[in-house]
There are 2 protein chains.
Amino acid sequence: MKHTDRKRADILAAAVTEFRTYGYDNTTMDQIADAAGASKRTVYNHFGSKEGMFEAIVREMMDRSDVLTGGEYDAEQPLPRQLKRIANEIVDTLKDESYRDLARVVLSRLLMVPEYSALISEQTQHINTMLSRWMRAAHRDGRLRVPRPELAADQFVGMLMAYAFWPALFNVEKGSTTIKQSIFVNQTVTMFLKGYEC
Amino acid sequence: MKHTDRKRADILAAAVTEFRTYGYDNTTMDQIADAAGASKRTVYNHFGSKEGMFEAIVREMMDRSDVLTGGEYDAEQPLPRQLKRIANEIVDTLKDESYRDLARVVLSRLLMVPEYSALISEQTQHINTMLSRWMRAAHRDGRLRVPRPELAADQFVGMLMAYAFWPALFNVEKGSTTIKQSIFVNQTVTMFLKGYEC
DNA sequence: CGAAAAGTAAACTCGCGGGTGTAATTGGGA
DNA sequence: TCCCAATTACACCCGCGAGTTTACTTTTCG
């Protein structure tokens, strides 16, 4: 890796860390330069402005967004097993500390600067597409009756996020009873399948 | 209403409007003073600082938070009808433009300043409590089998928010198929009840 | 090697915006 | 009517932080 590319990568990494920790507004460019072990001028040579830097990060985040992979329907496996696997994969992703930190930064900015919303909708669309494909397959296979796969996918993901994402994102601890992931996933999959079984 | 109280109320109202429109960071105290038809000094006499002003707004928002009322279980009515009523009430609240604007402001700040999170959790807890009471009642009445009412309530509200709140909050338009509220609510209630019926 | 490209340190500009001080004005209650 | 507290206009302070300039050193590469 060339020296200049290395520098650029260092700066980007430092920026991510700082933004994660302090938020966009409370991170200064000097701070980023220090953390990256680079001079402020170099930072500005690579990314034209603070805003430009943020965009670079968002772009990077998008490029890595093909995280969720295996959601293939399997005619041999029982439905609960399959759906639990998918659900756990999603929940694990959402629960990941670094993912959440990044989401916090991006979303907090997104709330007031709607320019990036298209990018974000791509993210959520990705999961939805995977899930609705699975449901369509199960439907075709005659094991499920899902008239609107996209709607069903939204319902399913909505429940998972209500458990694993939103409360943690906003630092809201759920009431006294924090339920174990396995219990929640089992219960949700069971209810969902019962609601859509033939 | 005394003159000074009137002034205070005007300032608060103006602040809400400005924060709603431009966000916390992009609203200046001068701007608020202008919009309120008050002098900057008066603003500072009433609320010690920008932060103090924001807190006053949050407090006001909390005071008005007993919006959702009727969630009483009725042994005579069919379950789908009852649950649809509740669901529509919740969705209507979440969809309300002014509620969403306020939530945008508060949540965007909450993401990076966790101090207020306790207040927010109160809000969500309120809906959850109402719903889980309803479910417990239906359970006791032998019409539903809900082992964990709180969990079920989270699931239900989670689905509603995934449809009516989060996408709109982040200005994310759902893919080509924007589904009508009645269809979504019907489908969700049906699936949920089928998943939990005896 | 030697020149061009990239990086550095530090001082600097500059506008913004939160917050204050003050002297003059208003207005409502006794 | 008179007084005192609230209000106002406006100038002012000041720290912060984005972005720039400059004079210099280091790296890359033909």
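What you see is a predicted model, and the numbers here were worked out from it, not measured in a lab. In what follows, every chain begins at residue 1, and chains take the letters A, B, ... in the order their sequences are listed.
The two residues L83(A) and F156(A) have their closest heavy-atom pair at CG-CZ, 3.8 Å. Nearest approach of S117(B) to L110(B), heavy atoms of both residues: N-CD1, 3.4 Å. Contact detail for Q82(A) and W134(A): the closest heavy-atom pair is OE1-NE1, 3.0 Å.
Bounding nucleotides for the chain B contact on DNA chain D, 5' to 3', at a heavy-atom distance below 4.0 Å, are dA6(D) to dA9(D).
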Table of protein N/O atoms under 3.5 Å from nucleotides 21-30 of chain C N/O atoms:
from: dG21(C); atom 1: N7; to: R41(B); atom 2: NE; distance (Å): 3.2

Quick test: give all pairs of protein nitrogen or oxygen and nucleotides 11-19 of chain C nitrogen or oxygen below 3.5 Å, distance rounded to 0.1 Å.
from: dG18(C); atom 1: OP1; to: T27(B); atom 2: O; distance (Å): 3.4
from: dG18(C); atom 1: OP1; to: K50(B); atom 2: NZ; distance (Å): 2.8
from: dG18(C); atom 1: OP2; to: M29(B); atom 2: N; distance (Å): 2.8
from: dG19(C); atom 1: OP2; to: Y44(B); atom 2: OH; distance (Å): 3.3
from: dG19(C); atom 1: OP2; to: K50(B); atom 2: N; distance (Å): 2.9
from: dG19(C); atom 1: N7; to: K40(B); atom 2: NZ; distance (Å): 2.9
from: dG19(C); atom 1: O6; to: K40(B); atom 2: NZ; distance (Å): 2.9

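Look at T4(A) and you'll find a side-chain N or O under 4.0 angstrom from OP1 or OP2 of dG7(C).
The environment of R20(A) atom CZ is dense: over 12 non-hydrogen atoms of other residues, nucleotides or ligands sit within 6.0 angstrom. Under a cut-off of 6.0 angstrom, the local environment of CD in E72(A) is sparse, with at most 12 non-hydrogen atoms contributed by other residues, nucleotides or ligands.
G52(B) comes within 4.0 angstrom of no nucleic acid atom, judged by non-hydrogen atoms across all strands.
A cation-pi arrangement is present between R109(A) and F54(A), with the terminal nitrogen or guanidinium carbon under 6.0 Å from the aromatic centre and inside a 45° cone about the axis. For the pair K50(A) and Y24(A), the cation-pi test (distance below 6.0 Å, angle within 45°) is passed.
F192(B) places none of its side-chain heavy atoms less than 4.5 Å from the side chain of F192(A).
At a threshold of 4.0 Å, the pair R136(A)-E150(A) counts as salt-bridged, since one of the basic side-chain nitrogens sits closer than that to a carboxylate oxygen. Between R6(B) and D10(B), at least one side-chain nitrogen of the basic residue sits less than 4.0 Å from a carboxylate oxygen of the acidic one, meeting the salt-bridge criterion.
Rounding to whole angstrom units, CG of residue D10(A) and C1' of dA6(C) are separated by 15 Å.
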